[in-house]
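Heads up: the structure comes next, in structure tokens.
Just so we're clear, the structure is a prediction, and the values are computed from it rather than from any experiment. Convention: sequence-line order gives letters A, B, ...; per-chain numbering from 1. Computation of the quantities below employed the complete heavy-atom set of this structure, encompassing side-chain atoms and omitting hydrogens, waters and symmetry-equivalent molecules.
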There are 2 protein chains.
Amino acid sequence: MRQTDRTAGKRRGATIIDVARVADVAVGTVSRYLNGETIRRSNREQIERAIQDLGYRRNAAAASIRTDLTHMIGFLVPTFDEFHARMLEYLAISVRQTGRALLTYCHGGDPRVVAEALDFFAAQRVDALVMDGTAEVYDRVDDLIHHDIPIIFYNNDVRGLAADRVMVENHRASYRLISHLIDLGHTRIGMLTGDPRNSSGIERLAGYEQALRDRGIVVDASLAVRGNWRMDGGYEATKRLMSLESPPTAIFSANYGMAVGALSWLKENGRHVPDDISLASFDDVAIFRLYEAGITAVAQPVASIAETITDILVERLTEPSGGATRSVVLECDIILRGSTRRIT
Amino acid sequence: MRQTDRTAGKRRGATIIDVARVADVAVGTVSRYLNGETIRRSNREQIERAIQDLGYRRNAAAASIRTDLTHMIGFLVPTFDEFHARMLEYLAISVRQTGRALLTYCHGGDPRVVAEALDFFAAQRVDALVMDGTAEVYDRVDDLIHHDIPIIFYNNDVRGLAADRVMVENHRASYRLISHLIDLGHTRIGMLTGDPRNSSGIERLAGYEQALRDRGIVVDASLAVRGNWRMDGGYEATKRLMSLESPPTAIFSANYGMAVGALSWLKENGRHVPDDISLASFDDVAIFRLYEAGITAVAQPVASIAETITDILVERLTEPSGGATRSVVLECDIILRGSTRRIT
DNA sequence: TTGTATGCGTTATCAG
DNA sequence: CTGATAACGCATACAA
């Protein structure tokens, strides 16, 4: 019996041929059964019994080499911080409901790893690729697109590529938040910016600057300190900001990780929020509601982002292919809490 | 040319045969080149040029049907909360360094989804499966094991299965933490327990009870309230605890999510930590260091867990197969902070 | 509806 | 080291 064959310790399972033999039907019939087509009742029962007896499991790889469909979606992210983890959770669930799963790769900001990941996805023939855009990948992603692999960028865009996009209104959200700080009387507002190679970093910074300008406040370049999206970057940037001759009265962090770094420095150095300084951040997290008087934050519509991605995915994977690329931009909520207060 | 053929909108890329033809060598030679075997220099150059010109990409699925190796590791979790997200990050990175990637599935606690996931992994022929154990899966996982798919449980165990395990000392960590609370003078200590279907939930509770008993404190069942690992469960459980005739003076949460729920209820109801009540939690998170006077927590060695899993994975995937299953138990750190104080 | 036969892209065997 | 060719497990066009 095939079932008990062993080759170098790796056992090969029963195949569709074994099932056909045991059920006494043709392989084509078994294949059609497996794909949900209508089968004569008696045959179906025999096939089901054979599958049961043999412990048969369809080999998706073998099928995919014929159909060019793997039912796997590539998911490429720089890290699994709070934002990406939530994205993954929602995306994994909504994608699962379409019968697919995510092949995840975490590149940690290393361009070589990004290239490696893209090669891996190409070799695995993922049906589509969802990724947080990063500048250096233009050529390699373009290559995938030419190989007919649909790409969906989220969070960060890469301009000029024939890909779908699901973004949030970074500029506008920053603008609104900073405007609120100005309303509260702040004029020296510091910002912990993300990596300027990321479109979201650029847009969040631009929104900040525009809000200042529109209210007649000159933009002081020393008030926008470059972070790295991470806690340590936020810590260092805050330190620099607070070491200025005339330090800011409010700080806006471009993401959660850097906000934690800021809180860390402020705490270590005895600065109290919001009495000594106001603080606001992109990305809303459960704990922000509870932290002291609450942290004012920009809430990204993570669930909507994931749903939209899945919708586009399904469309791309079922429609006759082709069709213009879509670019969806979702709104964010500004959640006002106690960490931002009126200045006297 | 093959390259420009289109079938129903899906383009088929160049194959190894095309490469062989263009490079004027045999397919076997190309295959050997792709697999890093030694090739005559002139041939190698011709092959490389052909691959470049054709934009050839190896089809991993086709290879896997011969080799029975997909280079994919299944990763099955209930949620992507803080703990699992960190696990994923570390695991994705260490697994990547072995040339593999993770096929992730999130079941949200639904047994049907778990079954679905297991079927999916089996069909995809993942090289191995890493999962957070959950009681109801015994039979289906056993089935996978009989199909020679190595299983590695982490976080939660399922007894009696021929699988590898990487766990932490849940019992001992709880025990130590509760002992500390007793040292501080607490005798009525509440616990927000996890789901009793999870081994970690059982062990953390058992450690709590044992610590009490060893110090001569009678275990009051009403003080251990069942949560669900999530924030809402922690909120409700805390509410119940604090509505007791004689409420606890300290609360221990079995994970981060429920601790946030507890903080939420306490804040809403004007109870201050640690003045009105002490609080400690399993799972250490960056913000715990900063939250008010700091939250006392059990820090799981997430990086070590991921590394250990990867080591076992590599071993299972390279060794002649067979060999006794391994069961690794890692230690946790108890991080004492301001949220637990001496009671008068 | 069913059976047959061919093809999918690789790897592996074995003779050169 | 290379070439030719038989698997691998499944889907599908075609004829019945």
Sugar-phosphate, base or nothing in reach of [X], heavy atoms under 4.0 Å:
X	answer
B/Y33	nothing
A/V25	sugar-phosphate
A/S31	base
B/R32	base

Return the value, rounded to whole Å, for the distance between atom [atom1] of [X] and atom [atom2] of [N].
X	N	atom1	atom2	result
A/E37	D/dC10	CD	P	16 Å
A/D24	C/dT1	CG	P	19 Å
A/L69	C/dC8	CG	P	17 Å
B/D68	D/dG9	CG	P	7 Å
A/I39	D/dT12	CD1	C1'	14 Å
B/N35	D/dT2	CG	C1'	15 Å
B/R21	D/dG3	CZ	P	15 Å
A/N59	D/dG9	CG	C1'	6 Å

Quick one: which of [options] gets closest to the side chain of [X]?
X	options	value
B/I16	C/dT10, D/dT2, D/dC8	C/dT10
A/A26	C/dT4, D/dC10, C/dG9	C/dT4
B/R58	D/dT2, D/dA11, C/dT11	C/dT11

Side-chain donor-acceptor pair present, [X], [Y], cut-off under 3.5 Å:
X	Y	result
B/N156	B/S200	yes
B/N35	B/R58	yes
B/R40	B/S42	no

Inset, instruction - For B/R41 and for B/I65, find the nucleotide of DNA chain D with the closest heavy atom, then tell me which residue's nucleotide is more 5'. - result: B/R41
Would you tell me if any nitrogen or oxygen in the side chain of [X] comes within less than 4.0 Å of OP1 or OP2 on [N]?
X	N	result
A/N43	C/dT2	yes
B/T38	D/dC1	yes
A/R57	D/dG9	no

Legend entry - Exam field: side chain A/H107 to backbone A/G109, donor-acceptor pair closer than 3.5 Å: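 Judged by distance alone, yes, a pair lies under 3.5 Å.
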Legend entry - Side-chain donor/acceptor of A/S199 to backbone N/O of A/D157, under 3.5 Å: yes
Inset, instruction - Indicate, yes or no, whether a donor-acceptor pair under 3.5 Å links the base of D/dA7 to the side chain of B/R66. - result: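 Answer yes: a donor N or O sits under 3.5 Å from an acceptor.
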